[in-house]
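Below: one structure, written as structure tokens.
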Amino acid sequence: MSHQTSGNELDALLNKMKSAVSPVRGILRELHEKFLPTLDGKVADYIPELAKADPRWFGISIVTRHGQFVEVGDFRQMFTIQSISKPFVFGLALEDHGRDDVMRRVGVEPTGEAFNAIVLDESSNRPFNPMVNSGAIATADLIKGRDFPERVSRMIAMFGRYCGRQVHLDNTVFMSERLTGHRNRAIGHLMLNFGMVGERIEDSLELYFQQCSIQVNCHDLAVMGATLANGGVNPITGERAIEARYVKDLLSVMLTCGMYDYAGEWAYRVGIPAKSGVGGGIVAVLPGVAGIGIFSPALDPKGNSVRGLKVCEELSTRFGLHAFESTPGAESLLAELQPSSR
Ligand code: GLN
């Protein structure tokens, strides 16, 4: 043979062939490669455990509502779910109390303020929405159970249904969250002062710290997103995680309030319901199509994953995924990921 194929050339060829089989996988690889050198942003450091995250970690996962998936990079790396837990616990509160009762305790207005702002709606004393800490703590307070352990286990079981596996807490993160959570306690007690939460607020804060400390990876986030994309049924296990009628409640607050005080610009530029967390995760939902999970712990000043934002923005533009796109492309993404035997 006159020409020896080098390892690199072979890899490039194999990648090309794989991309031809699945263009979506090719695009994910391309985006991963493109944004891997981006080292902007800072990992969260309000507790030492989060500061230990490696800013180079970067994973992307897409899971369709039929359960097919493509994933690249560090998609198995575990991290804490943090604020991404908020819409899901909101869903459980809706199941426990119904829309009207939940709305008496927490609104659905975007705030334009930082997620940990100590502010309530002046006329109603309600927290503005369930995606900021005040609203999430009020939501956690609504989770039912005979006693505190039962409330916690109902919350943990709910995340297990979304992920399709038993979930666990990162105990060190949890201990630090509760040890340093004075601001969240202040928010909880301010709401107690206004009668927005009950006397069990200490338990509810504990539940909130626990929900933030649940360990997930990028794949889990994509499965959680795919479950919402699939009307509330986990596409891998077939188990229902949330009543179908509440899925749109979660998606609408994610679209309007899910990305901290970047939510408006996100809705404008990306137009996909999503939620981010300071652990570096983002979950995004293409209703009826797929869930996207991204993990990259370096955050911008508003608390969103820098690479996560870039990937979502580019996916939205390239596939035409914006909710109000005049020529929507989300269905084509689903078609591409269908197994060819179908
Ligand atoms: N657990 C943290 C807090 O409550 C951060 C939540 C988040 O991801 N913004 O302050």
Side-chain angles (χ1 to χ4, degrees), residues 41-53 57 78-90 106 110-119 127-141 143 152 155 159 167 169-191 197 201-218 220-221 224 253-254 257-263 266 274-284 293-306 308-309:
K42 246 175 100 254
V43 304
D45 58 3
Y46 67 93
I47 51 173
E49 285 65 33
L50 293 184
K52 288 180 194 149
W57 284 333
M78 302 303 281
F79 55 94
T80 50
I81 190 166
Q82 296 292 350
S83 279
I84 302 171
S85 61
K86 291 170 178 173
F88 300 94
V89 175
F90 176 53
V106 55
T111 61
E113 308 243 17
F115 63 87
N116 56 3
I118 305 184
V119 30
F128 278 90
N129 68 68
M131 304 293 105
V132 289
N133 287 11
S134 52
I137 294 165
T139 307
D141 190 60
I143 301 311
V152 169
M155 180 272 289
F159 281 106
V167 298
L169 298 193
D170 179 326
N171 217 35
T172 327
V173 169
F174 166 59
M175 297 300 274
S176 306
E177 290 281 355
R178 78 198 292 222
L179 216 68
T180 59
H182 309 303
R183 196 177 172 98
N184 286 324
R185 269 193 202 95
I187 293 172
H189 283 267
L190 181 67
M191 293 192 295
V197 294
I201 185 60
E202 286 300 335
D203 278 355
S204 301
L205 283 159
E206 196 86 350
L207 191 135
Y208 171 74
F209 296 138
Q210 296 205 11
Q211 73 179 65
C212 287
S213 309
I214 288 173
Q215 288 186 306
V216 289
N217 60 26
C218 225
D220 292 323
L221 292 184
M224 293 168 80
V253 289
M254 285 165 76
C257 315
M259 302 298 284
Y260 303 128
D261 39 333
Y262 184 71
W266 171 272
K275 184 74 200 85
S276 65
V278 292
I282 296 182
V283 62
I294 305 176
F295 169 56
S296 172
L299 310 176
D300 69 10
K302 292 185 195 287
N304 292 309
S305 162
V306 173
L309 290 187

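It should be emphasised that the depicted structure is a prediction, and the values quoted were computed from it without experimental measurement. Just follow the structure's listing: the first ligand is 1, and inside any ligand the first atom is 1. In what follows, residues are counted from 1 in the order of the sequence shown.
- Checked by distance only, ligand 1 and S276 stay at 3.5 Å or farther apart across all their nitrogen or oxygen atoms.
- For ligand 1 and G277, the ligand atoms under 4.0 Å from any heavy atom of the residue are 8 (O).
- Minimum interatomic distance between P110 and N129 (heavy atoms only, all atoms of both residues): CA-ND2, 3.8 Å.
- At the shortest separation from atom 1 (N) of ligand 1 among protein heavy atoms lies Q82 OE1, 2.7 Å.
- At a 4.0 Å heavy-atom cut-off, ligand 1 does not touch R183 at all.
- We find the CG-CG distance between D141 and L205 to be 8.5 Å, quoted to the nearest 0.5 Å.
- Within the 4.0 Å heavy-atom criterion, the part of Y46 lying near ligand 1 is the side chain and not the backbone.
- Nearest protein heavy-atom neighbour of atom 4 (O) of ligand 1: Y208 OH, 2.6 Å.
- Across I282 and S276, no two heavy atoms sit closer than the pair CG1-CB, 3.8 Å.
- Against a heavy-atom cut-off of under 4.0 Å, E177 is close to the following atoms of ligand 1: 1 (N), 2 (C).
- For E177 and S213, the side-chain atoms include no donor-acceptor pair closer than 3.5 Å.
- Under the 4.5 Å side-chain criterion, counting only non-hydrogen atoms from C-beta, I143 is not in contact with V152.
- The part of N133 lying near ligand 1 is the side chain, judged by heavy-atom distances below 4.0 Å.
- Close contacts of ligand 1 with Y260, meaning ligand atoms under 4.0 Å from a residue heavy atom, involve 7 (C), 8 (O), 9 (N).
- In this structure a side-chain-to-backbone donor-acceptor pair under 3.5 Å is missing from R185 to E202.
- Contacts of S83 with ligand 1, taken as heavy-atom pairs under 4.0 Å, involve both backbone and side chain.
- At least one donor-acceptor pair under 3.5 Å links the side chain of R183 to the backbone N or O of N116.
- At a heavy-atom cutoff of 4.0 Å, ligand 1 is contacted by no atom of I84, backbone or side chain.
- Aromatic ring pairs are classed by plane angle as parallel below 30°, tilted from 30° to 60° and perpendicular above 60°; the pair F79 and F295 is parallel.
- The shortest N or O to N or O distance between C212 and ligand 1 is not below 3.5 Å.
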